[in-house]
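For the single chain, residues carry numbers from 1 onward in sequence order.
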Amino acid sequence: TTTTTTTTTTSSASPSLPTDPAAPSATTDLRIVASAQSAGHPSSDAAVFAYLEDSHTSIVGMRTVLAARGARVCCVAASDIAPCEPASCGTTGNVPHSLFAFPAQSNFSGRRYPLSWVEAVREGRVSAAGQCFCPGRWKVLLDAAALVSTSPLDLSAVPADFVCLSFYKMFGYPTGIGALLVRSDSAHLLSRSDYHGGGSMHAYSSTHNFMQLAANLEERFESGTVPFLDIVSLEVGFQYLARFGMHNIAQHTLSLARGFFHALRKLRHYNAAPVATVYATEEEFESTELHGPVVCFNLLRADGSFVGPAEVAKLAAVHNISIRTGGNLFCLFVGVCLWVSFQPSMPTLFTGCLCNAGACHQHLHISHDRFQRNLAAGYACGEENDLIDGLPTGGIRVSFGFMSVEQDAQAMLELIQRYFVEQSEVSAHLRALAAGSANAKHPTDKATDTTATADANIAEINVYPVKSCGAFSTAEWEIGESGFLYDRSWMVVDAHGVNISQKKVPKMALVRPHIDLQKGVLVLSYPQLEPLSVPLQPIDLVPCAARVCFDSVGALDCGDEAAAWFSSALGVDCRLVLKSGVELRTCRLSRDAASGVASTLSFANESQFLLVSESSMDQVNKWIEDQGEERVAVDRFRGNIVLRGAAAFAEDAYRHLRIAGQAFAVNGPCRRCQMVCVDQQTANSCKQPLAALSLHRRVKGKTFFGIHVNHQAAESRPPFKIRVGDAVQPF
């Protein structure tokens with residue numbers, strides 16, 4: 001939650017100049033303007049709220065408030081704005097003012113719009129869709145948040161009525177602090193009637209309905225104590241900007257963006273196909289008046305298909321480009337986008353939707369019908385479903401700031417060149433894996449020749465009682481209806497019932513389980529905490545809803561003691577839930593569906609068992625050592641069954657397995673994410689093994705290691721149990 005604050009310095013400047021600076025967040029600035037319009041401004045059919053199609057969500061969000069006050073709402077395309085002769089619109093006496101809002105710089109593409117629009121709209125010298133703005137009747141709100149982070153803005157030459165900006169975008173700190181600048185001669189349009197408190201009142205009576213608002217505009221919008229410590233810290237940021245000079249910063253950052261733009265457009269695959277499609281023209285990067293230091297694009301494969309932004313995010317994460325995800329726009333814009341904001345030696349990659357439906361839909365040619373189809377297809381912002389019917393739902397945005405240097409741009413280019421520029425045609429083996437074919441044969445395999453697998457046996461058996469926590473290793477274990485008995489029967493969830501994983505909380509790896517069948521308890525340990533005992537067969541648990549892998553599942557809350565223990569261990573507010581036996585969750589992998597067998601699942605993602613191979617792990621470690629880095633353990637892949645004795649990646653070709661009288665169906669390769677980069681013994685993260693796998697085992701956005709396996713009870717014989725050392729026989 002962003003705390004809205006107000007700090008001001010009252011100005012005695014001429015009414016023609018902006019005065020009354022305030023300091024909430026930029027989004028709150030816009031909400032203030034929308035909610036605080038005086039009665040009648042706008043409040044009738046004569047008032048209009050017009051906004052540029054290429055606007056931030058926060059501007060578009062104003063339309064709901066203003067429409068409720070009686071304003072007509074109009075979305076204007078940049079191409080519809082044209083010069084015109086000032087029109088005579090009749091009397092201006094008591095006619096409510098209309099409001100036109102537009103960004104100085106697009107937060108999606110970096111395109112900059114003419115600041116001359118401000119005065120031209122106020123004077124009626126431009127038209128929108130063939131209709132001139134009436135002189136004297138229009139006020140202008142300028143969203144300067146993206147512009148002023150790298151460029152100067154002279155308000156004496158740009159007489160906007162309202163200007164919002166964000167200090168977070170300028171300095172990177174503190175969050176939630178911005179400014180709303182209001183012209184003195186437009187201040188009367190703002191009033192506050194929803195709530196009064198903090199320093200907003202000059203005087204009031206508790207026993208009588210009497211109050212007087214503070215005389216100063218900025219004080220009337222205070223809501224409690226302002227974050228003065230954060231505000232004081234802004235001085236350092238302004239000193240940096242003054243030291244470099246805003247004009248110098250503008251030229252420096254655009255130069256970096258221009259170089260990145262040209263280098264990106266030159267990249268080609270082995271077949272000369274372009275690596276990227278960029279949402280800007282070469283001419284726009286020639287002037288700071290036309291474009292900001294932003295490059296927005298999507299990556300393409302050699303066959304012309306799109307690379308999903310989430311795939312870029314995963315690989316950026318393992319190369320120390322920190323990831324931030326967001327999903328606050330799924331109702332307006334279908335898109336997953338990336339914002340790479342460079343700081344010295346530590347690029348930051350922002351994944352989300354860029355909060356600009358208009359520009360995104362325009363550049364990606366997303367019609368309203370396609371937008372609705374994407375929603376119907378199950379898209380939700382912030383999730384990895386960023387390609388629907390092969391088309392992107394967003395883009396990738398690289399932004400340069402005043403501290404950026406050429407090495408930052410080169411780091412991103414090297415990431416793209418290393419992982420996304422195809423040097424040769426993808427092998428038939430990887431294509432088969434991506435397609436889920438049962439006939440995927442690795443070049444080093446001897447297919448399913450039994451001589452290659454005669455000595456294959458089980459090296460390890462691992463049970464993961466609590467999803468995404470540590471492993472319970474055992475010499476033998478029973479197979480239940482949903483895999484190993486008690487495997488992933490419990491799960492840690494947030495306040496919304498959504499499962500928490502090591503991708504967000506790596507410390508989950510340090511939660512060590514031990515299953516005591518004789519005592520009927522699951523004992524969980526964590527460094528410096530007393531162990532937690534959870535009954536294997538609990539009674540009187542409260543039903544609750546949970547969500548895992550897009551599935552809503554029935555669960556049972558394990559109580560406040562377990563919740564407090566996990567919250568203390570992990571440092572996040574969470575609860576422990578048990579899979580309910582009432583609702584069945586079934587495997588949806590294509591190969592399982594084709595066999596007609598509906599294998600039941602616990603809280604596991606996709607299958608009952610995950611099988612990984614020591615030989616395959618050895619090959620991955622050779623690739624890692626070729627990159628000059630240290631080997632990693634096979635437990636990174638969290639396999640239930642670890643195979644020993646087979647050739648490297650022989651498991652890719654398996655279709656069925658028999659182990660000690662138990663029959664198993666193979667349901668295809670396991671797609672890997674950055675969670676394999678978490679060291680299961682220390683909870684520390686590094687870029688391996690995902691970086692090595694991405695070079696050798698990735699195709700169509702999927703990186704593979706290990707195979708999904710389901711138990712076939714009807715083809716097995718009791719007892720349903722396997723042991724370390726049991727032979728593994730493919731058939």
Is it the case that [X] and [Y] place a side-chain donor and acceptor less than 3.5 Å from each other?
| X | Y | result |
| --- | --- | --- |
| E460 | N462 | yes |
| Q688 | Q627 | yes |
| N684 | D679 | no |

Surrounding CD of E476 (heavy atoms of other residues, nucleotides or ligands, distance under 6.0 Å), is the total greater than 12?
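Correct, the count exceeds 12.
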
A side-chain contact here means heavy atoms from C-beta on lying under 4.5 Å apart; do [X] and [Y] qualify?
| X | Y | result |
| --- | --- | --- |
| I458 | V728 | yes |
| L229 | V232 | no |
| T703 | L690 | yes |
| V493 | K467 | no |
| F603 | V553 | yes |
| V548 | N605 | yes |

Rounded distance [0.5 Å steps], [atom1] in [X] versus [atom2] in [Y]:
| X | Y | atom1 | atom2 | result |
| --- | --- | --- | --- | --- |
| C686 | Q674 | SG | CD | 13.0 Å |
| E614 | N621 | CD | CG | 11.5 Å |
| S149 | K169 | OG | NZ | 8.5 Å |
| L510 | Q502 | CG | CD | 8.5 Å |
| F705 | R697 | CZ | CZ | 7.5 Å |
| L532 | E561 | CG | CD | 6.0 Å |

Check ion pair D455-R644 (N to O, under 4.0 angstrom):
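R644 and D455: not salt-bridged.
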
Looking at R547 and D494, does any basic side-chain N land under 4.0 Å from a carboxylate oxygen?
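No, R547 and D494 are not salt-bridged.
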
Hey, mind stepping through D560 and R575 against side-chain contact (heavy atoms from CB on, under 4.5 Å) and telling me if it holds?
CA-CA 8 Å; D560 292 340; R575 300 191 71 83; 2.8 Å; yes

Stepwise, does the salt bridge (Lys or Arg N to Asp or Glu O under 4.0 Å) test hold for E311 with K700?
CA-CA 10 Å; E311 184 180 347; K700 290 289 186 179; over 6 Å; no

Which atom of [X] lies closest to which atom of [Y], heavy atoms considered:
| X | Y | result |
| --- | --- | --- |
| I479 | H711 | CG2-ND1, 3.7 Å |
| G308 | L387 | N-CD1, 3.6 Å |
| F637 | L610 | O-CD2, 3.3 Å |
| V632 | M617 | CG2-CE, 3.7 Å |
| A647 | S615 | C-CB, 4.0 Å |
| Q608 | N710 | N-OD1, 2.8 Å |

Let's go through R671 and E606 carefully: what are the C-alpha distance in whole Å and the side-chain angles of both, what is the deciding distance for salt bridge (Lys or Arg N to Asp or Glu O under 4.0 Å) to 0.1 Å, and is it a yes or a no?
CA-CA 10 Å; R671 181 179 178 180; E606 297 181 279; over 6 Å; no

Decide yes or no on side-chain contact (heavy atoms from CB on, under 4.5 Å) for W477 and I515, but give the supporting numbers first.
CA-CA 11 Å; W477 204 249; I515 300 175; 3.9 Å; yes

I want to know whether Y464 and F472 have ring centres closer than 6.0 Å.
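No, too far apart.
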
Go through it in stages, so that I can follow the logic: the residues are V577 and L556, the test is side-chain contact (heavy atoms from CB on, under 4.5 Å), and I'd like the CA-CA distance, side-chain angles, deciding distance and then a yes or no.
CA-CA 5 Å; V577 299; L556 301 171; over 6 Å; no

Whether F260 and F297 hold their rings parallel, tilted or perpendicular, with breakpoints at 30° and 60°:
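Plane angle between 30° and 60°, so tilted.
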
Worked check of side-chain contact (heavy atoms from CB on, under 4.5 Å) between L541 and L578:
CA-CA 9 Å; L541 295 186; L578 173 67; 4.2 Å; yes

Answer yes or no: is there a donor N or O on one side and an acceptor on the other, between the side chain of D516 and the main chain of K519, under 3.5 Å?
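Checked: pair present.
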
With side-chain hydrogen bond (donor to acceptor under 3.5 Å, both in side chains) as the test, would you mind laying out the steps for R636 and Q680 before giving the verdict?
CA-CA 6 Å; R636 295 287 188 98; Q680 296 299 295; over 6 Å; no

Please determine whether salt bridge (Lys or Arg N to Asp or Glu O under 4.0 Å) holds for the pair E422 and R301, giving the CA-CA distance in whole Å, both sets of side-chain angles, and the decisive distance to 0.1 Å.
CA-CA 7 Å; E422 298 177 31; R301 300 188 179 91; 5.2 Å; no

Test D487 against N640 for side-chain hydrogen bond (donor to acceptor under 3.5 Å, both in side chains), laying out the working first.
CA-CA 9 Å; D487 184 68; N640 294 109; 3.2 Å; yes

Working for side-chain hydrogen bond (donor to acceptor under 3.5 Å, both in side chains), residues S482 and T600
CA-CA 5 Å; S482 302; T600 61; 3.2 Å; yes

